[in-house]
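Heads up, the thing below is written out as structure tokens.
Since we're looking at a predicted model, the values are computed, not measured.
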Amino acid sequence: RAVALMLTGLALLTISALLRGAPALAQGDEAASPAPFSGDPLPNDRDAFFAGSGVCASCHSQLTDAAENDVSIDRYWRATMMANAARDPYWQAAASIETANLPQYAEVIEDKCALCHTPLTRFSAFQAGASTRLFEGGFLSAEHPQNALALDGNSCTLCHQIEDVAFGEPESFSGHYTIDAELPTGERLIYSRFAVSEQGTAIMQGASGFIPTQSTHTAQAELCATCHTLYTPYVDDTATFVGEFPEQTPYLEWLSSAYADSTPCQGCHMPQAEGAVVTSITGGEPREPFFKHTFVGGNTYLMDIFLAHGAEMATTAGSEHFAFTREQTLAQLQERAAAVSLESVGFADSTLAFNIVVENRAGHKLPTGFPSRRAWLHITVRDSARAVIFESGGYTADGRIIGDDHDDDATRYEPHRTVILSPDDVQIYQSIMGDVNGEVTRTLLRGAGYLKDNRLLPAGFDKDAAHPDVRPGDVVLADANFVGGSDRVMVSLNTGSAEGPFEVSVELLYQALSYRWIEKLRDSDTAESARFLGYHETVPNTPVVMASVTETVSP
């Protein structure tokens, strides 16, 4: 009877919360939806293994920390790329192209993607021996009976059911997380780092069907590594699978960094609340540390697309949620990820020379993850009349880098630079995939290795002793100024008849989706690629300024 009364109170609290609506969120900067939208309700769907995020949000919302900040789990999570892993329009476009290029492997490709983009439905379908297709009536189809759970992305009952099995081992990578398939519905375990009272357990089990269980493994980097260490198979010219390629390896990069002994993924991507938090509207003891479910990354461009087109995508986050997540993403990129400084600035005999020091403050390579990402140095020098007398790394309105060999010609790529002498010399930190013939490719199933990988290394990274799958290429290994935590690039230019004093400005710019990775979508006629290109036409792919420095030099 006591449990029944508690559940009645819980139901009333839930209804009250839904009627009051979501709390107001801080707005981002200039990127804002032309037509604000509230977002669809979070799903309450269930199957034998999972419940939609709406089931969990009914209790784990309207939370505040000791400083009275709103730290509601649904508020932070619902606009993240984790929540929108299945709705991500670029991923859908890229996946559709991979299947169109190799239709004989469509089921393999889609199953591989489904492991981490539609994990709830993929796990359940796999256990039932059913199809794990995404397209053509698969999980992403509105007619699919589990479409709502598929579109819930990486939601609560996925991550919090992952078992501490083979953590950090290769068999757990590439979406091979372990979830207990034997526990019956209503008795499945949900892990968190906090102990739970008998009363709290009864309330949660009665309301959600899951039993809260204490375990600290939810705060380990190895939990994130199950999806964020991704090896993809690749084919040769005969479309035969011949090996695996380390497509995304932030966990292995982190293992080789100075952060591995002190700061797991959650330490930066799930910042702590200010003080203790009562984690449920049903009450209980304040808990700390409480990690905010921001899952903040670096993709402001997709946030802009969601802001502009989220309503037609039927997202469960509203424009205020996306604006808030965009703001958090910008803060991550601009305040905590990198720094740029100048040293040895000098002028003699019409020659202006200086060194640029770029510092990586992330716990992994910068940029890391999917190979569409790049960061580069934008260098400008102005004379006493403020006229630009030198520029390297400028960009165009369509997202191209001026002077980048790869943006100019899809078969080439800009080499790693140690010295910049002309406007055509651009230092771009990126990974460029090559196929079995050593030719540039942007098709994942053709990627056999990296032709170039000069992404900035995290502090403490020993590039000679690192894991082979994250070790930079030979050119970078030979660059004594490219070390764990930083890169130093020398610049020398003749100022000719220009008069000083000269103003030297350097920006570190970043794109989550670089020019060629978007342009490749034009080579396909899938509905998903056409849709993304339509979004792209309305949302400029303007790079983010991660860090900058300006200094005046007198002759």
message: Can a donor-acceptor pair be found, under 3.5 Å and without considering hydrogens, that links the side chain of S155 to the backbone of A83?
response: no
query: Between W77 and M82, does a side chain to side chain contact (heavy atoms under 4.5 Å, CB included) hold up when you go through it step by step?
result: CA-CA 8 Å; W77 168 82; M82 294 281 284; 4.3 Å; yes
query: Distance only, no hydrogens: is a donor on one side chain within 3.5 Å (strictly under) of an acceptor on the other, for T418 and D479?
result: no
- prompt: Any sub-3.5 Å donor-acceptor pair from N360's side-chain atoms to H364's backbone N or O?
  reply: yes
- request: Say whether, by atom type as modelled, one donor and one acceptor occur between the side chain of Q511 and the main chain of G399 under 3.5 angstrom.
  value: yes
query: Does the SG-to-SG distance between C116 and C227 fall under 2.5 Å?
result: yes
- request: Indicate whether any N or O donor in one side chain lies under 3.5 Å from an N or O acceptor in the other, for D47 and S124.
  value: yes
task: Check whether any side-chain heavy atom of P89 sits under 4.5 Å from a side-chain heavy atom of M313, and report yes or no.
output: yes
- request: Taking E528 for its side chain and Q92 for its backbone only, find out whether a donor-acceptor pair lies under 3.5 Å.
  value: no
Side-chain donor or acceptor of S319 paired with backbone N/O of F37 under 3.5 Å: yes
task: May I ask you to check whether H144 and F139 place their ring centers less than 6.0 Å from one another?
output: yes
- request: Assess the side chains of Y515 and D404: does a donor N or O sit below 3.5 Å from an acceptor N or O?
  value: no
task: Could you name each residue pair satisfying salt bridge (charged side-chain N to carboxylate O under 4.0 Å, His left out) that touches residues 453-465, not counting sequence neighbours?
output: K365-D453, D453-R455
query: Less than 4.5 Å apart, any side-chain heavy atom of F241 and any of V235?
result: yes
task: Would you confirm whether R446, through its side chain, and D435, through its main-chain N or O, come within 3.5 Å as a donor-acceptor pair?
output: no
query: Do Q430 and K452 have side-chain heavy atoms sitting under 4.5 Å apart?
result: yes
query: Taking all atoms of both residues into account, what is the closest heavy-atom pair of P43 and T316, and its distance?
result: CD-CG2, 4.4 Å
task: For the residue pair F532 and Y301, categorise the inter-ring angle as parallel (less than 30°), tilted (30 to 60°) or perpendicular (more than 60°).
output: perpendicular
task: Grab the two heavy atoms, one from S141 and one from N147, that are nearest each other, plus how far apart they are.
output: O-ND2, 3.2 Å
Listing, residues 537-548 side-chain donor-acceptor contacts under 3.5 Å, not counting sequence neighbours, or none:
{"unit_1": "E537", "atom_1": "OE2", "unit_2": "R522", "atom_2": "NH2", "d": "3.4"}
{"unit_1": "T538", "atom_1": "OG1", "unit_2": "H309", "atom_2": "NE2", "d": "2.7"}
{"unit_1": "T538", "atom_1": "OG1", "unit_2": "Y535", "atom_2": "O", "d": "2.8"}
{"unit_1": "N541", "atom_1": "ND2", "unit_2": "L513", "atom_2": "O", "d": "2.8"}

message: Tell me the closest heavy-atom pair linking L134 and C113, and the distance in Å.
response: CD1-CB, 3.8 Å
query: To the nearest 0.5 Å, what is the distance between NZ (K292) and CD (Q328)?
result: 6.5 Å
Pi-cation contact, F126 with R122 (under 6.0 Å, within 45°): yes
- request: Indicate yes or no for a side-chain donor-acceptor contact from D407 to the backbone of I401 under 3.5 Å, with no hydrogens or angles considered.
  value: yes
query: Is any NZ, NE, NH1 or NH2 atom of the basic residue among D523 and R442 found under 4.0 Å from an Asp or Glu carboxylate oxygen of the other?
result: no
message: Regarding Y191 and D164, do their side chains bring together a donor and an acceptor under 3.5 Å, going by distance alone?
response: no
message: Under a 3.5 Å threshold, yes or no: a donor from one side chain and an acceptor from the other, between T368 and E253?
response: yes
- request: Side-chain contact test, heavy atoms from C-beta onward, threshold under 4.5 Å: evaluate it for N481 versus V489 and give yes or no.
  value: no
message: Run the side chain to side chain contact (heavy atoms under 4.5 Å, CB included) test on M303 and F322 for me, step by step, so that the C-alpha distance in whole Å, both residues' side-chain angles and the decisive distance to 0.1 Å come before the verdict.
response: CA-CA 6 Å; M303 289 298 110; F322 285 118; 3.9 Å; yes
Ring centres under 6.0 angstrom apart (Y450, F245): yes
message: Consider side-chain hydrogen bond (donor to acceptor under 3.5 Å, both in side chains). Of D152, D74, D45, which one does S53 pass it with?
response: D152
- prompt: Under 4.5 Å between any side-chain heavy atoms of M81 and F306, yes or no?
  reply: yes
- prompt: Does the N154 side chain pair with the main chain of H117, one donor and one acceptor, at a distance under 3.5 Å?
  reply: no
task: Kindly indicate whether the side chain of N454, heavy atoms from C-beta on, has any atom under 4.5 Å from the side chain of Q427.
output: yes
field: Whether F482 and H416 hold their rings parallel, tilted or perpendicular, with breakpoints at 30° and 60°
entry: perpendicular
field: Expected output: side-chain T226 to main-chain L223 donor-acceptor under 3.5 Å
entry: yes
Worked verdict on Y251 versus H228 for side chain to side chain contact (heavy atoms under 4.5 Å, CB included): CA-CA 7 Å; Y251 171 73; H228 290 283; over 6 Å; no
query: Would D111 and V108 count as a side chain to side chain contact (heavy atoms under 4.5 Å, CB included) if you check the C-alpha gap in whole Å, the side-chain angles of each, and the deciding distance to 0.1 Å?
result: CA-CA 5 Å; D111 181 70; V108 175; 6.0 Å; no
field: H293 side chain vs F291 backbone, donor-acceptor pair below 3.5 Å
entry: yes
query: CD of Q146 to OG1 of T118: how many Å apart, nearest 0.5 Å?
result: 10.0 Å
task: Step through it carefully: locate the ring centre of F370, locate the ring centre of W517, and say whether they are under 6.0 Å apart.
output: yes
message: Measuring only between side-chain heavy atoms, which start at C-beta, is L445 closer than 4.5 Å to N101?
response: no
- prompt: Is it true that R516 and D408 make a salt bridge, defined as a side-chain N closer than 4.0 Å to a carboxylate O?
  reply: no
message: Within this structure, what is the NE2-CG distance for the pair H467 and L252, rounded to the nearest 0.5 Å?
response: 5.5 Å
- prompt: Do the non-hydrogen side-chain atoms of L151 and L140 ever get within less than 4.5 Å of each other?
  reply: yes
